[in-house]
Amino acid sequence: MVIFKKIISPNYFLIKKFCFGLILVMTKYNHKKIEKKWREKWEKDKIYQPDLSLPAGRQGKDKKPLDKTRGKPFYNLMMFPYPSAEGLHIGNMYAFVHSDCYGRFKRLQGFDVFEPIGLDGFGIHSENYAIKIGEHIKKVSARTEKNFYKQLHMIGNQYDWSRTVETYKPDYYKWTQWLFLKMYEKGLAYRKEASVNWCGCCKTVLSDEQVISGKCERCETETEKKLMEQWFWKITDYAEKLLANLKVIDWSEEVKIGQKNWIGKSEGVLITFNLKPACRTGRSQNSNLKNIEVFTTRPDTLPGCTFLVLSPEHELAGLACRQAGKNLTAINPFNNKEIPIFTDEYVLYDYGTGAIMGVPAYDERDRVFAEKNNLQILEVGPEENKIGKKAVKYKLRDWCISRQRYWGPPIPMVYCEKCASTGSAQAGWVLVPEKDLPVLLPEMEDFLPDGSGKGPLNKIREFVNTKCPKCGGPAKRETDVSDPFVDSCWYYLRYLDAHNDKKPFDKLRVKKWLPVDMYIGGKEHTVLHLLYSRFVSMVLYELGLVPSEEPFEKFRAHGLLIRDGAKISKSKGNIISPDDYIEKFGADTVRMYLMFLGDMRQGGDWRDEGIIGVYRFLNRIYKLQSKVSNLKFQISPELEKLIHQTIKKVTEDLENLKFNTAISQLMILANEMEKEKELLKIDYCKLIILLAPFAPHLAEELWEQLGNKESACSEPVESVFKQKWPKYDPAKIKEDSFELIVQINGKFRGSISASKNLGQSEAEKMVLADEKLAKYLSGQKIKKVIFVKDKLINFVA
RNA sequence: GCCGCGGUGGCGGAAUGGUAUACGCGCACGACUUAAAAUCGUGUCCUGCACAAGGAUGUGGGUUCGAGUCCCACCCGCGGCACCA
């Protein structure tokens with residue numbers, strides 16, 4: 001019996017599987033075959049490569065002339081992924097398909113669309129992942145690159161695959177280092193001491209995101225702050241411009257607010273407090289300071305100032321009181337009263353002047369401090385005064401680009417003692433000249449930090465010991481690598497000239513394509529990537545290398561994709577790999593479901609149950625083809641109107657990135673078309689073009705199949721993406737009748753079909769003539785009638 | 001604590017101050033089928049026998065002829081920032 005079961009059961013399942021498969025073939029379109037066919041065709045015909053020739057009239061003799069058949073350049077950019085694990089997850093896809101759908105829409109509208117892709121592979125995420133799985137980062141990167149690109153092919157986006165960039169390849173980071181050169185030459189790169197997070201157990205520097213509530217992410221040891229010399233870029237010089245330009249760029253409002261708050265401009269006053277004369281002659285000999293300057297936005301509260309507080313790093317901090325005492329005192333310039341000076345950590349060294357005036361009556365934190373130290377709280381009213389001078393301060397800090405890690409571009413600087421002593425180089429630091437770039441990231445087996453506090457590159461003597469480019473003497477290389485945000489702040493430029501080893505990007509070419517017309521990405525990048533990119537673009541603009549200060553004309557943030565109401569994360573075990581769904585339902589279904597499940601700006605909730613709806617929809621569209629007739633006949637006016645309404649709605653929704661409602665409108669049209677016995681080919685063609693940005697593979701296939709039949713479509717049979725986006729006829733949408741909403745006391749009681757431009761008295765008569773509606777009014781004393789033309793009538797009793 | 005975004009059926013989600021719940025999922029019933037799956041059709045916010053009448057957009061107020069939408073206060077969820085004087 002047991003043996004019998006063993007024999008029969010696999011066969012039984014095989015038979016079942018076969019039958020099921022057969023039915024699938026009969027009732028479903030073959031997405032695997034269709035999608036593979038079109039992916040290959042798109043790539044073979046290089047159909048998505050834009051015209052990157054130089055602007056007309058300015059190209060050299062041997063450059064090919066501008067192809068006039070292509071449209072206006074449209075740079076459609078999406079945030080390139082960082083391959084931190086083996087493969088892309090559905091959250092990455094979420095952003096990419098929306099962006100691609102928009103790009104395809106623009107292509108159909110006749111633009112010459114440039115839509116590139118690449119990998120942001122340098123950085124701590126990738127490095128940590130490699131360390132975690134115990135494999136060398138280079139090996140891991142090679143593997144993830146292959147897999148990421150495979151997945152990105154599968155989703156069917158219209159990428160220009162001839163211009164991919166990977167930030168961790170020498171031909172890319174050579175130019176990241178070049179950017180450092182430019183910054184340094186312009187006086188925007190400098191070195192200073194700054195604190196880093198240090199884990200004493202792992203003996204390594206940690207990034208802020210690796211410190212979870214004061215503890216090391218990996219070993220849970222309490223982290224400490226360690227002062228180290230680091231490289232900075234002077235983004236603060238551009239604070240005002242970064243702020244001011246927010247008014248002219250078309251970006252998601254929330255992101256602009258985020259940047260504004262991050263820049264944190266506040267206008268106030270610098271007030272000088274003289275130290276008490278006795279103090280100066282005494283213990284403050286080692287400081288030249290005769291006074292303390294504070295920054296305040298409330299100079300009118302000066303009368304209530306009863307003490308000063310210095311940050312612990314302040315020059316005079318050592319002399320001030322740690323507890324109530326009178327080591328050092330100052331004079332309040334408003335009332336000449338002597339007030340104590342304290343030191344406390346609640347005052348930040350790098351904001352304002354590193355010193356504040358304590359006004360416990362008006363400031364919550366000052367009051368807490370005063371109460372703790374039993375200080376006087378003076379309840380006096382604010383009073384306008386002219387003490388101090390106006391000043392503007394920003395929260396924005398300079399950008400620390402140093403990373404004491406391995407997986408990044410080495411900062412192209414050399415330290416030369418000889419040049420330092422002769423004063424021929426600023427503090428001994430010498431730039432690696434452009435001709436010697438790239439400074440290659442050396443191969444190393446063990447790229448874990450060595451515990452010295454310096455980066456892992458410090459372990460390689462051959463790398464560190466070098467010749468000074470200036471004097472030729474012995475010198476030492478910088479062993480820090482740069483922040484991955486440096487890689488990503490300029491990648492959109494490199495796409496345009498991805499394989500040029502003579503220069504980072506072509507000036508004329510960027511002139512043709514920049515600024516980026518549409519940039520879609522996550523709002524988690526509100527303040528870092530998006531601010532750094534703007535800053536660097538401003539610098540390049542001043543150098544005359546790019547055509548505009550702002551890199552991204554239009555930016556739209558998308559929301560977070562969650563699953564079953566929860567954030568998608570490994571620990572929750574709810575990670576979705578797009579591959580399985582693409583295998584089962586096809587890329588078109590996955591694309592469309594991602595766009596259908598919610599508003600892009602708000603994010604969405606992926607439910608496995610929901611994807612079937614979109615799958616059914618695409619199959620219905622496929623089957624509709626059998627209703628297409630080659631005969632000419634008059635379609636119903638209702639359907640004709642719906643077609644025009646759909647064109648209008650889908651066009652407007654796509655322009656406003658409302659993909660979800662655009663799809664629902666397509667569903668409405670398809671549902672109506674299904675009810676027809678026959679469809680005009682020209683109408684079905686319109687539906688296919690409208691569908692194309694969402695489900696490109698299926699649209700191409702249907703377009704081709706239509707072309708094999710006779711006539712009707714005026715356009716030649718070719719890629720559907722070479723067709724024109726349909727236009728709607730406003731006259732066909734115009735209604736001559738409408739449903740008059742009837743309200744009694746604001747409550748909906750019914751509606752009457754009426755012709756447009758109906759007058760109020762006419763409308764009242766119609767309501768009274770309606771038995772059902774009139775009964776609501778009988779016995780009521782009507783005080784007032786609100787009449788909104790072509791919309792509603794409201795009787796107020 | 002501050003800033004931003006949100007809270008609508010069983011679920012994902014629609015709604016220029018004017019018919020709340022489009023579209024989709026699920027569910028129920030029906031058609032096709034020996035049967036199931038697939039597909040198609042009908043119905044589906046709640047209370048009610050009702051095509052009678054009410055009640056529902058986080059809570060409480062307000063403005064308005066009329067509020068999911070505008071204003072005020074509060075509660076909850078998500079994301080970001082942490083003493084920025």
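Residue numbering restarts at 1 for every chain, and letters A, B, ... go by the order of the sequence lines.
- Between A/A391 and A/L270 the shortest heavy-atom distance is CB-CG, 3.6 Å.
- A salt bridge (charged side-chain N to carboxylate O under 4.0 Å, His left out) check over residues 770-779 of chain A, counting only residues at least two apart or in different chains, returns nothing.
- The NZ atom of A/K658 sits 16 Å away from the P atom of B/C23 (whole-angstrom rounding).
- When rounded to the nearest whole Å, the span between CD of A/Q645 and C1' of B/C23 equals 15 Å.
- Atoms CE (A/M667) and P (B/A14) sit 14 Å apart, rounded to a whole Å.
- The pair A/E638-A/K641 fails the salt-bridge criterion, with no side-chain N (NZ, NE, NH1 or NH2) lying under 4.0 Å from an Asp/Glu carboxylate O.
- By the 30° and 60° cut-offs, the orientation of the rings of A/Y615 relative to A/Y29 is tilted.
- Contacts of A/D653 classified as salt bridge (charged side-chain N to carboxylate O under 4.0 Å, His left out), with partners at least two apart in sequence or in another chain: A/K649.
- Rounded to an integer number of Å, the gap from A/L792 CG to B/U19 P is 8 Å.
- In this entry the distance linking CZ of A/F659 with P of B/G13 reads 17 Å, nearest Å.
- Using a 4.0 Å cut-off, no side-chain N or O of A/R749 falls inside it from OP1 or OP2 of B/G66.
- Across all strands, A/D599 comes closer than 4.0 Å only to sugar-phosphate atoms, never to a base (heavy-atom distances).
- Every residue two or more places apart in sequence or in another chain was checked for a salt bridge (charged side-chain N to carboxylate O under 4.0 Å, His left out) with A/R616, and none qualifies.
- The gap from the P atom of B/U39 to that of B/C25 amounts to 9 Å, rounded to the nearest Å.
- Geometrically, A/R534 engages A/W251 in a cation-pi contact, judged by NZ or CZ lying under 6.0 Å from the ring centre and within 45° of the ring axis.
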Donor-acceptor contacts under 3.5 Å from residues 743-756 of chain A side chains, at least two apart:
from	atom 1	to	atom 2	distance (Å)
A/N745	OD1	A/A797	N	2.8
A/S751	OG	A/E739	OE1	2.8

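- Classified by its glycosidic torsion, B/G43 falls in the anti category, the angle being over 90° from 0.
- Computed from coordinates, the A/N656 CG to B/A14 C1' distance equals 16 Å when rounded to whole Å.
- RNA chain B forms stems at B:1-7 with B:75-81, B:10-12 with B:23-25, B:26-31 with B:39-44, B:45-47 with B:53-55, B:58-62 with B:70-74, each a run of 3 or more consecutive Watson-Crick or G-U wobble pairs whose two key distances fall under 3.5 Å.
- A distance of about 24 Å separates the P atoms of B/G26 and B/U33, rounded to the whole Å.
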### Task
List the steps and the verdict of side-chain hydrogen bond (donor to acceptor under 3.5 Å, both in side chains) for A/Y581 and A/D608.
CA-CA 9 Å; A/Y581 294 90; A/D608 281 0; 2.8 Å; yes
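- Whole-Å rounding puts the A/Y593 OH to B/C23 P distance at 17 Å.
- The side chain of A/S266 places an N or O atom within less than 4.0 Å of a non-bridging phosphate oxygen (OP1 or OP2) of B/A85.
- Following rounding to the nearest Å, A/L773 (CG) and B/U19 (P) show an atom-to-atom distance of 16 Å.
- For the OP1/OP2 pair of B/G24 and a distance below 4.0 Å, the side-chain nitrogens and oxygens of A/N671 include at least one atom meeting the criterion.
- The phosphate of B/C81 (OP1 or OP2) has no side-chain N or O of A/K395 nearer than 4.0 angstrom.
- The residues A/K265 and A/E240 are annotated as salt-bridged, a charged nitrogen and a carboxylate oxygen being separated by less than 4.0 angstrom.
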Between N or O atoms, less than 3.5 Å apart, protein on one side and nucleotides 25-29 of chain B on the other: list the pairs.
from	atom 1	to	atom 2	distance (Å)
B/C25	OP1	A/R616	NH1	2.6
B/C25	O2'	A/E609	O	3.4
B/G26	OP2	A/R616	NH1	3.3

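- Shown here are the side chain to side chain donor-acceptor pair (under 3.5 Å) partners of A/K627, two or more places apart in sequence or in another chain: there are none.
- Applying the salt bridge (charged side-chain N to carboxylate O under 4.0 Å, His left out) rule to A/D350 yields the partners A/R397; only residues at least two apart in sequence or on another chain are considered.
- Rounded to the nearest Å, the gap between the P atom of B/A22 and that of B/U42 is 15 Å.
- Donor-acceptor pairing under 3.5 Å, judged by distance alone, is present between the side chain of A/Q743 and the base of B/G18.
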Protein and nucleotides 4-7 of chain B: nitrogen or oxygen contacts under 3.5 angstrom:
from	atom 1	to	atom 2	distance (Å)
B/C5	O2'	A/Q602	OE1	3.0
B/G6	OP1	A/Q602	NE2	3.2

Anything under 3.5 Å between a protein N or O and an N or O of nucleotides 73-75 of chain B, put it in a table, one pair a line.
none

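- Checking A/S664 against A/K265, the closest nucleotide of RNA chain B that is more toward the 5' end is the one next to A/S664.
- Remark: the separation of the C1' atoms in B/G9 and B/C45 is 5 Å, to the nearest Å.
- Side chains of A/F617 and A/L666 form a contact here, defined as non-hydrogen atoms less than 4.5 Å apart.
- For A/K784, the listed nucleotide lying nearest its side chain is B/C65; candidates were B/C65, B/A53, B/G55.
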Distance-only donor-acceptor pairs under 3.5 Å for side chains of residues 592-604 of chain A, two or more places apart:
from	atom 1	to	atom 2	distance (Å)
A/Y593	OH	A/R607	N	3.2
A/Y593	OH	A/R607	O	2.9
A/D599	OD1	A/R601	N	3.0
A/D599	OD1	A/R601	NE	3.3
A/D599	OD2	A/R601	NH2	3.1

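- Every residue was checked against the salt bridge (charged side-chain N to carboxylate O under 4.0 Å, His left out) condition with A/K567, not counting sequence neighbours, and none meets it.
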